[in-house]
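Input: a single structure, listed below in C-alpha cells.
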Amino acid sequence: MSFRILGTGMYVPEKVVTNDDLSAIVDTNDEWITQRVGVKQRHISVNETAADMATAAAKQALAAANVSAEELDLILVASISSETTSPATACLVQRNIGATCMAFDISAACAGFLFALENAAMYFAAGKAKKILVIGAERMSRLVNWKERSTCVIFGDGAGAAVLGEGSAFADSVFTVTGNDEVICVPNYMGESPFWQAEPTQPFVAMQGQETFKFAVKSMVRDVNTLLERNGLTLDDIACIVPHQANSRIIELASRKLGLSLDRFVMNIAEYGNTSAASVAIALNEAVRSGRIKQGDRVILCAFGGGLSSAAILLNWE
Ligand code: UT7
C-alpha cells in the first residue's frame, strides 16, 4: 500500500516585498534579481510564525481532502526555519488543528517536503497509517542576513500542505545525500556556554551560489532520468514536473539538458521566491487547484538543497 494525495493547501503572508523594496535595503536592483534569479516579489512574515503558516496551509488541505483533524494518524512538518526546536512545529500544528496523532519534524532543507512524503510512504507501506498530513513550512526571512544581497533577495516565506490517504499514486522515488556544510550551511545560534572555545558562527544562510547552482541542475537532470529509466517511461509520459523553485535559470537549464520544454515545468518563483521546504508543496497546490494536474497524470516532484540533498518522486495522480 502506498498513498494518494487527497487534498492540498497553502498559505503565504499577506506582506509582499518587491525587488524595488529590497533595493532600498541592500545594493541590488529589479533587473539583476529578475534576470539572475527570476524572482519579482516574495511574501514575508510580519507576525506569522512557521507554525502559524503551517497551520493555515494544513486547514486548507484538510478541507480540500474532506478529512477531519481527528482522522489523522501522523503529521510531518518539513522545516529548517521554525521558531522552536522543541516543540517541533508538527506538534504545534497538531494542537492548533485539534489533532491527537503522532507528530514530528523533518530537517532536509529545500528537499524537506519530499523527504516527508517518503517517510509518509513508509508508514502506509507498514500499515501504520491511513491518513497523514505532510507540510513544508518556512520563515526563511528569519534565517537570511538582510545585509547580504546575494541571499536576502532569493528567499520568501510560506507553507504548503498535502493530506495523504491510502492509494497507489506514489510510484517511485530517488533520494541522494552527500554530506557537506561548505556549499550550503545554516548554522544554529551557538549559545552562551562559558566553556565553548571555537569561534561562534553567524546563524544565517551561507551559500556558495554557483556551486549550488551546478549541483541543482545536475541532480535534477540525474534524478528525473533515474525515475524515467527505472519505470520504463519517457518524458512524453510525464504531464508535468513540479521542481523546487530556487532559481528560474536552474529550471531553464535543466529543461534544456533534459530536452523537455519549459512549459512542462510548474513555475511560480516570480511570485514567491525560494520558500525552501514549502516550495514544492506550494507549487503542487497551485498546479492541483488550477486543474493543471488531473487524474491519470504522471507527475514528477523534484528538489535539491542543503545537506547536500536531492530528491525526486514519481506520482501517478489518482
Ligand atoms: O534552495 C537552495 C538551493 N539554492 C540554490 O539553488 C541557489 C543556486 N544559486 C543561484 O541561484 C545563484 O548562484 C545566485 C542567485 C545565488 C547568484 O547568482 P550568480 O549568477 O551565481 O551570481 P554570482 O554570485 O556569481 O555574482 C555575480 C555578481 C557579483 O558581482 P561581481 O563580483 O561580478 O562584481 C555579485 O556581487 O552579481 C553580484 N550580486 C548582485 N548584484 C545585484 C550578487 N547578488 C546581487 C544582487 N544584486 N542581489
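Order of listing sets the numbers, starting from 1, for every ligand and every atom in it.
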For ligand 1, which atoms, with element, lie under 4.0 Å from some heavy atom of Val153? 48 (N)

Over all heavy atoms of both residues, which pair between Arg292 and Asp263 is shortest? Give the atoms and the distance, please. NH2-O, 2.6 Å

Atom 18 (O) of ligand 1 protein-contacted, heavy-atom criterion under 4.0 angstrom: yes

Which bit of Ser150 is near ligand 1, meaning a heavy atom under 4.0 Å away: side chain, backbone, both or neither? both

Are Glu138 and Ser81 close enough, and set up right, to give a side-chain hydrogen bond (donor to acceptor under 3.5 Å, both in side chains), and what steps lead you there? CA-CA 5 Å; Glu138 300 281 19; Ser81 58; 2.6 Å; yes

Which residue and non-hydrogen atom of the protein lie closest to atom 22 (O) of ligand 1, and at what distance in Å? Arg36 NH2, 3.7 Å

We want to know whether Asp20 and Ser23 form a side-chain donor-acceptor pair, criterion being a heavy-atom distance below 3.5 angstrom. no

Output the distance between atom CG (Leu22) and atom CD1 (Ile25), rounded to the nearest 0.5 Å. 5.5 Å

Report yes if some heavy atom in the side chain of Leu92 is under 4.5 Å from a heavy atom in the side chain of Thr84; otherwise report no. yes

Parallel, tilted or perpendicular, judged at 30° and 60°: which one describes the rings of Tyr123 and Phe104? tilted

For ligand 1, which atoms, with element, lie under 4.0 Å from some heavy atom of Ile250? 6 (O), 8 (C)

For atom 3 (C) of ligand 1, find the nearest protein heavy atom and state the residue, atom name and distance (0.1 Å precision). Thr212 CG2, 3.5 Å

Say whether Ile33 and Ile250 are linked into one hydrophobic cluster, either directly or through other cluster members, by side-chain heavy-atom distances under 4.5 angstrom. yes

About how many Å separate SG of Cys101 and CD1 of Ile75, when rounded to the nearest 0.5 Å? 4.0 Å

Is it possible for you to say whether Val17 and Val153 belong to one hydrophobic cluster, with membership spreading through side-chain heavy-atom contacts below 4.5 Å? yes

Region of Val26 engaging ligand 1 - heavy atom pairs below 4.0 Å: neither

Which of the numbered atoms in ligand 1 are under 4.0 angstrom from any heavy atom belonging to Asn247? 10 (C), 11 (O), 12 (C), 15 (C)

First locate atom CG of Leu74, then atom NZ of Lys131, and finally report the distance between them rounded to the nearest 0.5 Å. 13.5 Å

Under 4.0 Å from one or more heavy atoms of Ala246, ligand 1 contributes atoms 1 (O), 5 (C), 6 (O)

Taking only non-hydrogen atoms of Asn274 and a 4.0 Å limit, the atoms of ligand 1 in range are 1 (O), 2 (C)

Quick look: Thr151 vs ligand 1, heavy-atom contacts under 4.0 Å, and the answer is neither

How far is atom 43 (C) of ligand 1 from its nearest protein heavy atom, and which residue and atom name does that atom have? Trp32 CZ2, 3.4 Å

Strictly under 4.0 Å, does any heavy atom of Phe304 approach an atom of ligand 1? yes

What's the separation between atom CG in Asp297 and atom CG in Asp237, rounded to the nearest 0.5 Å? 11.5 Å

Nearest non-hydrogen protein atom, atom 21 (O) of ligand 1: Gln210 CG, 3.3 Å

Among all protein heavy atoms, pick out the one at the shortest distance from atom 9 (N) of ligand 1; state its residue, atom name and that distance to 0.1 Å. Gly209 O, 3.0 Å

What do you think, any protein heavy atom under 4.0 angstrom from atom 33 (O) of ligand 1? no

Val37: numbered ligand 1 atoms lying under 4.0 Å from its heavy atoms: 15 (C)

Going by distance alone, is a donor N or O of one side chain under 3.5 Å from an acceptor N or O of the other, for Arg42 and Ser141? no

Element-labelled atoms of ligand 1 that are located less than 4.0 Å from some non-hydrogen atom of Ile154: 16 (C)

At what distance is the nearest protein heavy atom to atom 2 (C) of ligand 1, and which residue and atom is it? Cys110 SG, 3.3 Å

For ligand 1, the portion of Thr28 having any non-hydrogen atom under 4.0 Å away: both

Considering only protein heavy atoms, which is closest to atom 38 (C) of ligand 1, and at what distance to one decimal place? Arg149 NH2, 3.6 Å

Name the orientation class of the two ring planes belonging to Phe3 and Phe124 (parallel below 30°, tilted from 30 to 60°, perpendicular beyond 60°). tilted

